[in-house]
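All values derive from a computational prediction rather than experimental measurement.
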Amino acid sequence: MGSVLPECLEIRCQVQDSDSRTDNFGTLLRPLSRYEVSAAIKYASAFGAAALPSPVQATILRKLQLRRGLDFVDHNSLTTVPPQLPPQQPPSGIFDSLKSIRTTPYEMTFLSRLCGHRPSKDSGLVAVDWETRSPWIELMTDVRNHYSYAHPASSQSPEAPVPIPIRYVSLQPSHLQQVHELLARVFWDGIDVSDLLQSSSERCSVIAMYGKIVIGAALLSSPQEAYITYLAVRAGWHNSQVATTMLYHLIMLNPHKDITLHVAANNPAMLLYNRFGFKAEEFITGFYEDYLDSQSRASMNAFRLRLRR
């Protein structure tokens with residue numbers, strides 16, 4: 001044992017010399033041994049219990065504790081930490097999109113989560129159109145703008161109108177009066193479609209609404225017969241795709257069934273029906289004689305059209 005100890009001490013000194021480094025001031029520095037680290041931690045802990053250590057002393061103690069823990073770790077089992085990527089700035093388009101948001105729908109706000117939100121349920125809602133602007137809407141906008149320009153100092157100058165969508169719904173009892181008035185202006189007096197409320201009105205009718213105003217109606221006689229009885233649009237709403245949208249939804253509500261109708265020979269709606277695939281099957285002379293006035297400009301003759309499914 002006496003012959004081994006000097007050799008071990010010599011080897012220890014050689015290892016310490018190989019690990020030693022010289023600082024900028026020429027002082028030889030060597031790493032602490034495990035015993036020295038443990039003793040330094042024990043001393044620093046005892047000293048810190050008597051008085052609050054300074055930030056420098058606390059940092060040294062922390063480093064010594066980490067060093068002692070690393071001495072017992074297998075360095076070959078450690079994985080290298082990937083280099084931290086520098087923070088990337090988001091694309092400028094994101095900030096532009098956020099800045100362009102002026103208002104938030106109430107149902108998407110935090111307040112709605114606190115106070116609760118009950119979405120409005122339109123009875124028999126089929127579709128909602130926020131984009132269409134009819135000649136009537138453009139006329140009302142011009143009237144409003146003209147009033148604002150003519151009375152700039154008026155305290156009663158109208159405010160900018162809130163956008164209102166066109167809603168397509170099935171026939172409801174509250175629509176009957178306006179629907180009857182619309183059909184009387186477009187076709188003839190005495191039309192009554194209240195019987196549709198007793199049948200499947202959600203499949204036999206599509207009513208176009210602008211606010212509380214009925215601007216169009218598309219009606220079937222029954223789901224079984226699938227015969228289009230009336231298709232009408234309020235004056236001022238023509239050439240706004242209202243009739244096209246109503247006819248489309250009426251067809252989609254009755255799939256896998258042939259749909260038939262009669263149309264006057266000089267009615268421009270013939271072009272609309274042709275776009276949807278309706279084909280003429282029969283030409284009937286005097287079909288509307290019992291309904292139209294003799295002075296009416298509409299043709300008394302009619303085509304029978306069919307959409308085969």
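- By the 4.5 Å heavy-atom criterion applied to side chains, Pro173 and Leu197 are counted as neighbours.
- Ser205 approaches Leu250 most closely through the heavy-atom pair N-CD1, 3.9 Å.
- Within 6.0 Å of CE on Met252 lie no more than 12 heavy atoms contributed by other residues, nucleotides or ligands.
- The stretch residues 186-209 participates, sequence neighbours left out, in no salt bridge (charged side-chain N to carboxylate O under 4.0 Å, His left out) pair at all.
- Between Thr244 and Phe276 the shortest heavy-atom distance is O-CZ, 3.6 Å.
- Clustering ILVMFWY residues whenever any of their side-chain heavy atoms sit less than 4.5 angstrom apart, transitively, puts Ile164 in a cluster other than the one holding Met209.
- When every heavy atom of Phe187 is checked against every heavy atom of Leu231, the shortest pair comes out as CZ-O, 3.7 Å.
- Considering every non-hydrogen atom in both Tyr168 and Val242, the closest pair reads OH-CA, 3.8 Å.
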Identify every side-chain donor-acceptor pair in residues 257-265 under 3.5 Å, counting partners at least two apart or on other chains, and give the distances.
residue	atom	partner	partner atom	Å
Lys257	NZ	Gln224	O	3.4
Asp258	OD1	Arg309	N	2.9
His262	ND1	Tyr227	OH	2.7

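- To the nearest 0.5 angstrom, Gln178 atom CD is 11.5 Å from Leu183 atom CG.
- Taking the side chain as every heavy atom from C-beta outward, Ile228 and Leu247 approach each other to under 4.5 Å.
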_Pair Val126, Val169 - check side chain to side chain contact (heavy atoms under 4.5 Å, CB included), show working._
CA-CA 5 Å; Val126 177; Val169 299; 5.5 Å; no
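- The structure places OG1 of Thr229 at 7.0 Å from CG of Leu220, a figure rounded to the nearest 0.5 Å.
- Tyr288 and Tyr291 have perpendicular rings, their planes meeting at more than 60° on a 0 to 90° scale where under 30° would count as parallel.
- Ring geometry, Tyr273 versus Phe278: the interplanar angle exceeds 60°, so the pair is classed perpendicular (tilted spans 30 to 60°).
- Proximity of Cys204 to Pro223: side-chain heavy atoms (C-beta onward) are separated by under 4.5 Å at one or more points.
- Of all the heavy atoms in Glu281 and Arg308, the pair that sits closest is OE2-NH2, 2.8 Å.
- In the hydrophobic cluster analysis, where Ile, Leu, Val, Met, Phe, Trp and Tyr join through side-chain heavy atoms closer than 4.5 angstrom, Val143 is grouped together with Trp237.
- Scanning all heavy atoms of the two residues, the minimum distance from Ser299 to Asn266 falls at N-OD1, 3.0 Å.
- Counting only distance, with no hydrogens or angles, the side chain of Arg167 and the backbone of Ala127 share no donor-acceptor pair below 3.5 Å.
- The salt bridge (charged side-chain N to carboxylate O under 4.0 Å, His left out) contacts involving residues 216-225 comprise nothing, where partners must be two or more places apart or lie in separate chains.
- Within the model, atoms CD1 of Ile207 and CE of Met246 stand 7.5 Å from one another, a figure rounded to the nearest 0.5 Å.
- Hydrophobic clustering, with ILVMFWY side chains joined whenever heavy atoms are under 4.5 angstrom apart, groups Met270 together with Leu307.
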*asked:* Between Arg133 and Thr141, is the side chain to side chain contact (heavy atoms under 4.5 Å, CB included) condition met? List the steps.
replied: CA-CA 10 Å; Arg133 293 186 60 85; Thr141 302; 3.2 Å; yes
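- Grouping the Ile, Leu, Val, Met, Phe, Trp and Tyr side chains by contacts below 4.5 angstrom, directly or via other members, places Ile215 with Val233.
- Of the inter-residue distances, the one linking Arg234 atom CZ with Ser240 atom OG reads 13.5 Å to the nearest 0.5 angstrom.
- In this structure, Ile137 CD1 and Ile166 CD1 are separated by 5.5 Å, a value rounded to the nearest 0.5 Å.
- The hydrophobic cluster containing Leu272 also contains Leu253, counting ILVMFWY residues as joined when their side-chain heavy atoms lie under 4.5 angstrom apart, directly or transitively.
- In this structure, Asp142 places its CG atom where more than 12 heavy-atom neighbours from other residues, nucleotides or ligands lie under 6.0 Å away.
- Summarising the geometry, atom CG belonging to Leu292 is positioned 6.0 Å from atom CH2 belonging to Trp188; distances are rounded to the nearest 0.5 Å.
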